[in-house]
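Please read the structure below before turning to the comments.
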Amino acid sequence: QVQLVESGGGLLQAGGNLRLSCAASGRTYSSMGWFRQAPGKEREFVAGITASGGTILYADSVTGRFTISRDNAKNTVYLQMNSLKPEDTAVYYCNAGGRISGRTYYGGGAWGQGTQVTVSS
């Protein structure tokens with residue numbers, strides 16, 4: 001049974017840092033990524049990474065502030081979020097089984113349960 005478990009969300013003030021983790025069990029995925037969904041908005045892509053880490057993509061809104069990485073030995077992908085802004089407030093979802101083509105991350109069918117990140121001004 002495939003399972004993705006996120007952790008690391010929380011409440012913090014603008015300008016703070018947070019690291020999200022997503023542990024995958026059941027199989028090893030090639031590309032993995034992070035999405036987020038703010039209240040009243042559609043789910044949007046945040047960052048994606050290939051199995052080797054050789055290709056990484058970011059949404060324009062987080063470029064320069066967020067860093068995605070992975071530890072294949074632990075089957076875990078991370079999202080380091082720095083200089084957080086109130087507009088980063090959302091539920092963050094881990095995704096696996098996707099693929100990267102060009103400058104687009106196509107989400108796969110495996111999703112985590114989500115972790116809440118709230119940034120106050």
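Numbers here are sequence positions counted from 1.
Not one N or O on the side chain of Asn95 forms a donor-acceptor pair closer than 3.5 Å with the backbone of Gly33.
Considering every non-hydrogen atom in both Tyr106 and Ser101, the closest pair reads CE1-CB, 3.7 Å. Scanning both residues, Gly98 and Ser31, for their nearest heavy atoms gives O-CB, 3.3 Å. Shortest non-hydrogen contact noted between Cys22 and Met32 is SG-CE, 4.3 Å. Nearest approach of Leu4 to Gln113, heavy atoms of both residues: O-OE1, 3.4 Å. When all heavy atoms are compared, the tightest approach of Val117 to Gly9 is CG2-CA, 4.2 Å.
Atom CD of Gln37 and atom CD of Glu44 lie 9.5 Å apart (nearest 0.5 Å). The OG1 atom of Thr76 sits 12.5 Å away from atom CG of Leu20, with the distance rounded to the nearest 0.5 Å. If you take CD on Gln13 and OG on Ser121, they are separated by 9.0 Å, rounding to the nearest 0.5 Å. Note that OH of Tyr58 and CG of Leu79 are 7.5 Å apart. Values are rounded to the nearest 0.5 Å.
Contact check for Lys85 versus Val119: no side-chain heavy atoms found under the 4.5 Å cut-off.
The hydrophobic clustering, which links ILVMFWY residues whose side-chain heavy atoms are closer than 4.5 Å, places Tyr92 and Tyr78 apart.
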Could you tabulate the donor-acceptor pairs under 3.5 Å formed by side-chain atoms of residues 60-71, not counting sequence neighbours?
| unit_1 | atom_1 | unit_2 | atom_2 | d |
| --- | --- | --- | --- | --- |
| Ser61 | OG | Arg36 | NH2 | 3.4 |
| Thr63 | OG1 | Ala59 | O | 2.9 |
| Arg65 | NH1 | Ser83 | O | 3.0 |
| Arg65 | NH1 | Asp88 | OD2 | 2.7 |
| Arg65 | NH2 | Ser61 | O | 2.9 |
| Arg65 | NH2 | Asp88 | OD1 | 3.0 |
| Arg65 | NH2 | Asp88 | OD2 | 3.4 |
| Arg70 | NE | Asn72 | OD1 | 2.7 |
| Arg70 | NH1 | Ser30 | O | 2.4 |
| Arg70 | NH1 | Thr50 | O | 3.2 |
| Arg70 | NH2 | Tyr29 | O | 2.9 |
| Arg70 | NH2 | Ser30 | O | 3.2 |
| Arg70 | NH2 | Asn72 | OD1 | 3.4 |
| Asp71 | OD1 | Ala73 | N | 3.1 |
| Asp71 | OD1 | Lys74 | N | 3.3 |

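Through chains of ILVMFWY side-chain contacts below 4.5 Å, Ile100 is grouped with Phe35, Phe45, Leu57, Val91, Tyr93, Tyr105, Trp111.
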